[in-house]
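Numbering of residues begins at 1 and proceeds along the displayed sequence.
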Amino acid sequence: MVARSPSFVEALTAGPVVLDGGLSNQLEAAGHDLSDALWSARLLAEDPEAVVRAHLAYYEAGAQVAITASYQATFEGFAQRGTGAAKAAELIGRSVELAREAAGRAAAGGVAGPLYVAASAGPYGAMLADGSEYRGRYGLSVDALERFHRPRLEVLAAARPDVLALETVPDADEARALLRAVRGLGVPAYLSYSVAGGRTRAGQPLAEAFALAAEADEVIAVGVNCCAPDDADRAVALAARVTGKPVVVYPNSGESWDAEARAWCGSPAFGTDRVAGWAAAGARLIGGCCRVGPDVIAEVAAVLGR
């Protein structure tokens, strides 16, 4: 009898699981221009093989979870490009299929599994592509935000990822909407805030923001991403204490973006010396976000013994 692979929830229970790094920087390193408002989601239609190769690079580096190219893939965003609802739904679902394809190639190439897929659902501000994803406070009600998120989450859930990644959430009100929107979908989710200091990007105390997920059965992990490594250090123990759930953490490299020069500046602050501390504080999903590539993920995997 062939042994059943552990579910994603079972894997978290067993110990730390390695997330991938920044999908966009891996695609840009391969020569792709992601300045479009759809960001990496544009390649779901134009160059799906490039997305597969980017995921594969992370699996081969030691990541156990690939986060799909659906962060900025929304019905509204595709509609602005003249893509109808049916085609948009196909492309959103394709993001999960492409990550599965990469996992299959990795396994065929000798990468030990199990390998998982997290279906990314970015915040409302990501669709606007105007930087408001790092501010929140969109002027929309929780009900309106739920109506925005639910259709995409339904499509992603139907593609059967291992987990829904409710990521880079800047605002506790949007978290409330997302927690409503994932109810009844039949797929577990993790909730990950973008933070600055001890607050959400919208300015709410982080302890209060984490507490929203404490009683949400669908949410299996809570934490932070797309933030400075120093902010991640402070957030991990807080998320564990407030929610009693496994913690997800995948900060940026620590470099900063100079919008005027259109270039990254500063030195990376994402050192793998932080990884063991995150794990000791309760982190069970550990990886990187912007500017964190396969080489760093390989080091994370080594620290965690994966």
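- For S70 (side chain) and S120 (main-chain N/O), a donor-acceptor pair under 3.5 Å exists by modelled atom type.
- Both V249 and L212 are part of a single hydrophobic cluster, where members link through side-chain heavy atoms under 4.5 Å apart.
- For the atom pair T83 OG1 and E76 CD, the distance stands at 12.5 Å (nearest 0.5 Å).
- Looking only at side-chain heavy atoms (C-beta outward), R135 and R201 stay at 4.5 Å or farther from each other.
- With salt bridges taken as basic N to acidic carboxylate O contacts below 4.0 Å, none links R176 and D171.
- A distance of 5.5 Å separates CD in Q64 from CZ in R306, rounded to the nearest 0.5 Å.
- The minimum heavy-atom distance between A121 and L156, with the atom names listed, is CB-CD1, 4.4 Å.
- A 4.5 Å side-chain heavy-atom check between C289 and P251 finds every atom pair outside the cut-off.
- Between R94 and E97, no side-chain nitrogen of the basic residue sits less than 4.0 Å from a carboxylate oxygen of the acidic one, so the salt-bridge criterion is not met.
- Taken to the nearest 0.5 Å, the OG1 atom of T74 stands 11.5 Å off from the CG atom of L91.
- A donor-acceptor pair under 3.5 Å is absent between the side-chain atoms of E218 and the main chain of V182, judged by distance alone.
- Contact annotation: the side chain of P229 approaches that of R274 to within less than 4.5 Å [non-hydrogen atoms, C-beta and beyond].
- Atom CG of residue L304 and atom CD of residue E299 lie 12.0 Å apart, to the nearest 0.5 angstrom.
- A salt bridge is absent between R183 and D217: the closest approach of a Lys/Arg side-chain nitrogen to an acidic carboxylate oxygen does not fall below 4.0 angstrom.
- L185 and L191 fall within a single hydrophobic cluster, where Ile, Leu, Val, Met, Phe, Trp and Tyr are joined by side-chain heavy atoms under 4.5 Å apart, directly or via other members.
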Start with the C-alpha distance between Y58 and I67, add both sets of side-chain angles, then the distance that settles side chain to side chain contact (heavy atoms under 4.5 Å, CB included), and finish with yes or no. CA-CA 10 Å; Y58 282 112; I67 302 174; over 6 Å; no

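- Looking at heavy atoms from C-beta onward, V17 lies in side-chain contact with V65 at the 4.5 angstrom threshold.
- Between the side chain of K245 and the backbone N or O of A240, no donor-acceptor pair lies under 3.5 Å.
- Partner of P170 under the side-chain contact (heavy atoms from CB on, under 4.5 Å) criterion, chosen from Y134, Y138, Y124: Y138.
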Start with the C-alpha gap between V248 and V222, add the side-chain angles, then the distance that decides, and say whether side chain to side chain contact (heavy atoms under 4.5 Å, CB included) holds. CA-CA 6 Å; V248 54; V222 182; 5.7 Å; no

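- Contact check on D231 versus R199 returns no salt bridge, with no Lys/Arg side-chain nitrogen under 4.0 Å from an Asp/Glu carboxylate oxygen.
- Cluster membership check: V242 does not share its hydrophobic cluster with Y190, using side-chain heavy-atom separations under 4.5 Å among Ile, Leu, Val, Met, Phe, Trp and Tyr.
- Contact annotation: the side chain of I220 approaches that of F8 to within less than 4.5 Å [non-hydrogen atoms, C-beta and beyond].
- Side-chain contact of Y71 with E133: a donor-acceptor pair under 3.5 Å is present, judged by distance alone.
- When atom types are taken as modelled, the side chain of T243 and the backbone of A239 share a donor-acceptor pair closer than 3.5 angstrom.
- What you find for N252 and C290 is that their closest heavy atoms are OD1-N, 3.0 Å.
- R284 places a side-chain N or O within donor-acceptor distance of the main-chain N or O of A279, the cut-off being under 3.5 Å.
- When all heavy atoms are compared, the tightest approach of D162 to P188 is O-CG, 3.3 Å.
- Across every non-hydrogen atom of Y193 and A209, the tightest pair is OH-O, 2.7 Å.
- In this structure, R100 contributes its side chain and R160 its backbone to a donor-acceptor pair below 3.5 Å.
- Here the closest heavy-atom approach between residue V247 and residue G223 is recorded as CG1-CA, 4.3 Å.
- Side chains of F210 and V224 form a contact here, defined as non-hydrogen atoms less than 4.5 Å apart.
- Scanning both residues, A157 and L164, for their nearest heavy atoms gives N-CD2, 4.2 Å.
- Looking only at side-chain heavy atoms (C-beta outward), D233 and W278 come within less than 4.5 Å of each other.
- Taking CD from E146 and CG from L179, the interatomic distance works out to 10.0 Å, rounded to the nearest 0.5 Å.
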For the pair L166 and L153, evaluate side chain to side chain contact (heavy atoms under 4.5 Å, CB included) and give the outcome as yes or no after the intermediate values. CA-CA 9 Å; L166 314 178; L153 287 168; 3.8 Å; yes

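- With hydrophobic clusters built from ILVMFWY side chains whose heavy atoms lie under 4.5 angstrom apart, L19 does not share a cluster with V51.
- At a threshold of 4.5 Å between side-chain heavy atoms, the hydrophobic network of Ile, Leu, Val, Met, Phe, Trp and Tyr places V96 and F78 in one connected group.
- In this structure, T272 contributes its side chain and V300 its backbone to no donor-acceptor pair below 3.5 Å.
- Side-chain contact between L206 and L238 is present, with at least one heavy-atom pair separated by less than 4.5 Å.
- Checking side-chain atoms of E10 against main-chain N and O of S7 turns up a donor-acceptor pair under 3.5 Å.
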Evaluate the side chain to side chain contact (heavy atoms under 4.5 Å, CB included) criterion for residues I286 and V18: first the C-alpha distance (whole Å), next the side-chain angles of each, then the deciding distance (0.1 Å), finally the verdict. CA-CA 5 Å; I286 301 174; V18 183; over 6 Å; no

Apply the test side-chain hydrogen bond (donor to acceptor under 3.5 Å, both in side chains) to residues D130 and S132: give CA-CA distance (whole Å), side-chain angles for both, the deciding distance (0.1 Å), then the verdict. CA-CA 6 Å; D130 63 356; S132 60; 2.7 Å; yes

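- For the 3.5 Å distance criterion, the side chains of E167 and Y250 qualify, holding a donor opposite an acceptor.
- Of the N and O atoms on the side chains of Q26 and H55, not one donor lies less than 3.5 Å from an acceptor on the other residue.
- Crowding of E49 atom CD: a count of heavy atoms from other residues, nucleotides or ligands under 6.0 Å exceeding 12.
- With N225 contributing its side chain and T168 its backbone, the two residues share a donor-acceptor pair below 3.5 Å.
- The stretch residues 147-157 participates, sequence neighbours left out, in these salt bridge (Lys or Arg N to Asp or Glu O under 4.0 Å) pairs: R150-E154.
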